Amino acid sequence: MRANIIIHSISGNLYLIANTFAEKLRQRGIDARIYRVSDPDLHLAANEKTEAIEYYEEITALPEATTEKLNSADIIILGTPSRFGMPTAEMKAFIDSTWQMYLKEVLKGKKFYAYSSSTVGYEDGLRAVAGLYKWAEMMKLSPVPYEPYVHIESEMMPQRPSDMIDTVAERLSEMATLPDLGF
């Protein structure tokens, strides 16, 4: 079984969460891989925020996500920052590239999970995740029956994911490996 985790990480938090998810999935025997969506302006964020530069090289070293990466996965996990309660433009551009996959229903039945980060609050992050779940519904993906994770950030200082993310990742990996329950 293969899980492809596709992220748009600017400050590194979504990248760190993806690494934790991948680690827990691998412990359950799943081939978990991390990809990034295209962001030609990521270097600008790295120059503006000191916390963004910390993981810039690791994030840009990730392979870029493609529709083929979606198709090669049994489990698809998307992570996006929230911008005005929506996925970022970069994540939206990526999911917009899946139109032909939608028409052909090639992702039908694959498992899906989404998570986000937000500087505005939990509800803002949930709205961004809801957009990803709406896409998943249109693609006829099967949501993993586990609540979306929202990482709350601060504009004033970096707030890296706490040890609690290990518990979230463990539970997600457990739920992701269950047989499809028809959700």
Side-chain angles (χ1 to χ4, degrees), residues 3-24 34-60 62 64-65 70 75-98 112-139 141 143-173 175-176 183:
N4 288 346
I5 304 168
I6 299 172
I7 61 170
H8 181 220
S9 188
I10 299 168
S11 66
N13 288 322
L14 292 167
Y15 169 70
L16 293 172
I17 295 166
N19 279 328
T20 305
F21 286 166
E23 175 187 330
K24 296 297 182 182
I34 304 171
Y35 301 93
R36 64 178 173 83
V37 297
S38 176
D39 183 353
D41 296 327
L42 187 58
H43 66 286
L44 299 174
N47 287 331
E48 290 176 11
K49 293 181 159 187
T50 56
E51 69 271 15
I53 195 70
E54 185 176 355
Y55 293 99
Y56 174 78
E57 288 182 14
E58 291 176 53
I59 293 167
T60 57
L62 292 171
E64 194 168 302
L70 286 173
I75 303 168
I76 298 166
I77 300 173
L78 299 182
T80 185
S82 176
R83 290 298 177 262
F84 305 105
M86 297 178 281
T88 60
E90 293 80 3
M91 181 59 77
K92 179 75 169 72
F94 175 72
I95 63 176
D96 282 352
S97 74
T98 65
F112 178 78
Y113 181 77
Y115 67 102
S116 70
S117 64
S118 174
T119 56
V120 179
Y122 183 74
E123 292 298 322
D124 180 71
L126 276 183
R127 284 190 290 277
V129 167
L132 297 177
Y133 274 94
K134 188 62 179 171
W135 169 82
E137 179 185 329
M138 298 294 296
M139 300 301 277
L141 293 163
V144 172
Y146 187 67
E147 67 183 67
Y149 176 72
V150 176
H151 174 73
I152 305 301
E153 299 181 1
S154 168
E155 282 292 330
M156 301 305 291
M157 62 187 335
Q159 289 180 297
R160 298 297 182 205
S162 68
D163 291 339
M164 187 242 339
I165 193 60
D166 288 332
T167 304
V168 171
E170 180 63 38
R171 186 76 173 123
L172 168 64
S173 66
M175 299 303 286
F183 289 97

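Remember, it's a predicted structure, so these values are computed and weren't measured experimentally. For the numbers below, each heavy atom of this structure counts, side chains included, while hydrogens, waters and symmetry mates do not.
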Going by side chain to side chain contact (heavy atoms under 4.5 Å, CB included), I7 matches just one of T80, L62, V37, L78. Which one?
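Only one of T80, L62, V37, L78 forms a side chain to side chain contact (heavy atoms under 4.5 Å, CB included) with I7, namely L62.
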Any luck finding a side-chain donor-acceptor pair between N13 and S117 under 3.5 Å?
no
Would you name the heavy atoms of [X] and [Y] that are closest together and state the gap between them?
X: S9; Y: L14; answer: OG-N, 3.6 Å
X: D39; Y: E90; answer: OD1-OE2, 3.7 Å
X: A22; Y: I5; answer: N-CD1, 3.7 Å
X: A136; Y: F112; answer: CB-CD2, 3.4 Å
X: A114; Y: Y133; answer: N-OH, 3.2 Å
X: S82; Y: D124; answer: OG-OD2, 2.6 Å

Not counting sequence neighbours, which residues clear salt bridge (Lys or Arg N to Asp or Glu O under 4.0 Å) with E58? List them please.
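Partners of E58 by the salt bridge (Lys or Arg N to Asp or Glu O under 4.0 Å) criterion come out as none, since no residue qualifies.
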Sequence neighbours left out, what passes salt bridge (Lys or Arg N to Asp or Glu O under 4.0 Å) with E64? Give chain and number order.
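Once residues adjacent in sequence are excluded, the partners of E64 under the salt bridge (Lys or Arg N to Asp or Glu O under 4.0 Å) criterion are R36.
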About how many Å separate [atom2] of [Y] and [atom1] of [X], when rounded to the nearest 0.5 Å?
X: H151; Y: L16; atom1: NE2; atom2: CG; result: 8.5 Å
X: L132; Y: Y115; atom1: CG; atom2: OH; result: 11.0 Å
X: Y15; Y: T60; atom1: OH; atom2: OG1; result: 9.5 Å
X: I59; Y: E54; atom1: CD1; atom2: CD; result: 9.5 Å
X: D96; Y: M91; atom1: CG; atom2: CE; result: 11.5 Å
X: H8; Y: K92; atom1: NE2; atom2: NZ; result: 15.0 Å

Beyond-backbone contact of Y149 with V129, side-chain heavy atoms, under 4.5 angstrom:
no
Within-4.5 Å side-chain heavy-atom neighbours: I6 and L70
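SC-SC contact between I6 and L70 confirmed.
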Partner residues of F94 under the ring pair (Phe, Tyr, Trp, His ring centres under 6.0 Å) criterion, sequence neighbours left out
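If we apply the ring pair (Phe, Tyr, Trp, His ring centres under 6.0 Å) test to F94, skipping adjacent residues, there are no hits.
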Which residues satisfy the ring pair (Phe, Tyr, Trp, His ring centres under 6.0 Å) test with Y56, sequence neighbours excluded?
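So Y56 forms no ring pair (Phe, Tyr, Trp, His ring centres under 6.0 Å) with any residue.
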Pairing residues for K24 by the side-chain hydrogen bond (donor to acceptor under 3.5 Å, both in side chains) criterion, not counting sequence neighbours
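Scan of K24 (side-chain hydrogen bond (donor to acceptor under 3.5 Å, both in side chains), adjacent residues dropped) gives none.
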What pairs with E170 under side-chain hydrogen bond (donor to acceptor under 3.5 Å, both in side chains), at least two apart in sequence or on another chain?
R28
Once the angle between the rings of F21 and Y113 is folded into 0 to 90°, is it parallel (under 30°), tilted (30 to 60°) or perpendicular (over 60°)?
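Perpendicular: the ring planes of F21 and Y113 meet at over 60°.
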Within the side chain of T20, is there an N or O that forms a donor-acceptor pair under 3.5 Å with the backbone of I165?
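Absent.
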